[in-house]
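One structure below.
Fair warning: this is a prediction, and the values are worked out from it, not measured in the lab.
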Amino acid sequence: MESLPLKPVRSARGHVVLPGSKSISNRTLLLAALANGTTEIRDLLASDDTERMLEALIALGVNLEKIGEHDWRVVGSGGAFSVKQADLFLGNAGTAFRPLTAALALSGGNYKLSGVARMHERPIGDLVDALRQAGADIRYLANEGFPPLAIAPADITADASIKIRGDVSSQFLTALLMALPLTGKKHTIEVVGELISKPYIEITLNLMARFGVIVERQGWQRFIIPANSSYQTPSTIFCLLFSGCRRNWWRAGTRRRRR
């Protein structure tokens, strides 16, 4: 068996460039696209999920400019995509499909969302059911509870209290949280059952706060989005995630020295 002997050294110098977090990257892209003002996103992860999100945002009329190897400038739409009719192919990018479903359901347009065959096997019924409680008009184009989807303008229910299961996918709650501020109305989300993947919801809430929307969290069972909420650019935001474990995640928007 071949071996590679490593001699002891007294010290080491250099630097590494860490890739951006997928969990933060696609959330940040969508929030920047929905915000008022221009946002510079640093250290965006290069991945299939982010490529599908970038393609979708361009198709929706968002002005995007690549300004570095992993950096983008996003001119926000002010909460309303300029393109009101689009057919979006999102591959197998769940972190793009779920939040875009929610955002487009409340954007006052007609959209079709589809993906690869594997995406059409991934359930989305719990998210669609929750969005319908807020007045969304979403139809299944093939199998009930699964993509592809057709979305028409919603009839928003004022001050809606929305129930969503917490034991299925944290991406469903994330998508709902990020989209509801687009209505400008107060909404209360009630989680049915125990919420899984709480750190990912915390990531979502902190990123929303960076974009100016503060969600009141009552434990992990109730989330209140205040009326007249709107996203505002933080000017610059970073997509890095430092963690020794998932619970010790690094808050987006704070820069640390690279060692």
I need the [X] [atom1] to [Y] [atom2] distance, nearest 0.5 Å.
X    : Y    : atom1 : atom2 : answer
M178 : L31  : CE    : CG    : 4.0 Å
S197 : Q171 : OG    : CD    : 9.0 Å
I162 : I225 : CD1   : CD1   : 7.5 Å
W72  : L29  : CH2   : CG    : 8.5 Å
R210 : L205 : CZ    : CG    : 15.0 Å
C239 : I41  : SG    : CD1   : 5.5 Å

Is there a path of hydrophobic side-chain contacts, each under 4.5 Å between heavy atoms of I, L, V, M, F, W or Y residues, that connects [X] with [Y]?
X    : Y    : result
F172 : Y140 : yes
L106 : I138 : yes
M53  : I58  : yes
V168 : I164 : yes
L176 : I156 : yes

Do [X] and [Y] come close enough that some side-chain heavy atom pair is under 4.5 Å?
X    : Y    : result
L113 : P148 : no
L240 : I24  : no
N26  : P99  : no
L34  : F81  : yes
L64  : K66  : no
R165 : D129 : no
V128 : R132 : yes
L90  : M119 : no

[X], [atom1] atom: more than 12 neighbouring heavy atoms under 6.0 Å:
X    : atom1 : value
Q218 : CD    : yes
K84  : NZ    : yes
R122 : CZ    : yes
E194 : CD    : no

side-chain contact (heavy atoms from CB on, under 4.5 Å) involving A209 - partner list, sequence neighbours excluded: I214
A86: side-chain contact (heavy atoms from CB on, under 4.5 Å) partners, not counting sequence neighbours: L60, V83, L88, Y111
[X] versus [Y], closest heavy-atom pair with distance:
X    : Y    : result
S23  : Y200 : OG-CE2, 3.1 Å
A35  : F211 : CB-CD2, 4.0 Å
T39  : P234 : OG1-CD, 4.0 Å
L44  : L54  : CD2-CD1, 4.3 Å
S25  : T50  : CB-CG2, 3.7 Å
P181 : V213 : CG-CG1, 3.9 Å

Residue list, salt bridge (Lys or Arg N to Asp or Glu O under 4.0 Å) with R73, at least two apart or on another chain: E40, E65
Chi angles and distances behind the side-chain contact (heavy atoms from CB on, under 4.5 Å) call for R42, F238: CA-CA 5 Å; R42 307 291 185 182; F238 297 87; 3.2 Å; yes
Criterion side-chain contact (heavy atoms from CB on, under 4.5 Å) on I237 and L207, from CA distance to verdict: CA-CA 10 Å; I237 192 166; L207 282 171; 3.9 Å; yes
State whether the side chain of [X] and the backbone N or O of [Y] hold a donor-acceptor pair below 3.5 Å, judged by distance alone.
X    : Y    : answer
S77  : A33  : yes
S107 : G109 : no
D155 : A136 : no
N228 : K185 : no
T233 : S235 : yes
Q133 : K163 : yes

Among D49, L127, N92, L149, the one residue meeting side chain to side chain contact (heavy atoms under 4.5 Å, CB included) with F97: L149
Side chain to side chain donor-acceptor pair (under 3.5 Å) assessment of T174 paired with R98: CA-CA 9 Å; T174 279; R98 279 74 176 267; over 6 Å; no
Evaluation steps, side-chain contact (heavy atoms from CB on, under 4.5 Å), between V74 and L57: CA-CA 10 Å; V74 183; L57 294 177; 5.8 Å; no
Exercise: do T204 and R27 side chains pair donor with acceptor under 3.5 Å: yes
Trace of the side-chain contact (heavy atoms from CB on, under 4.5 Å) decision for R139 with L141: CA-CA 6 Å; R139 292 184 297 111; L141 295 177; 3.9 Å; yes
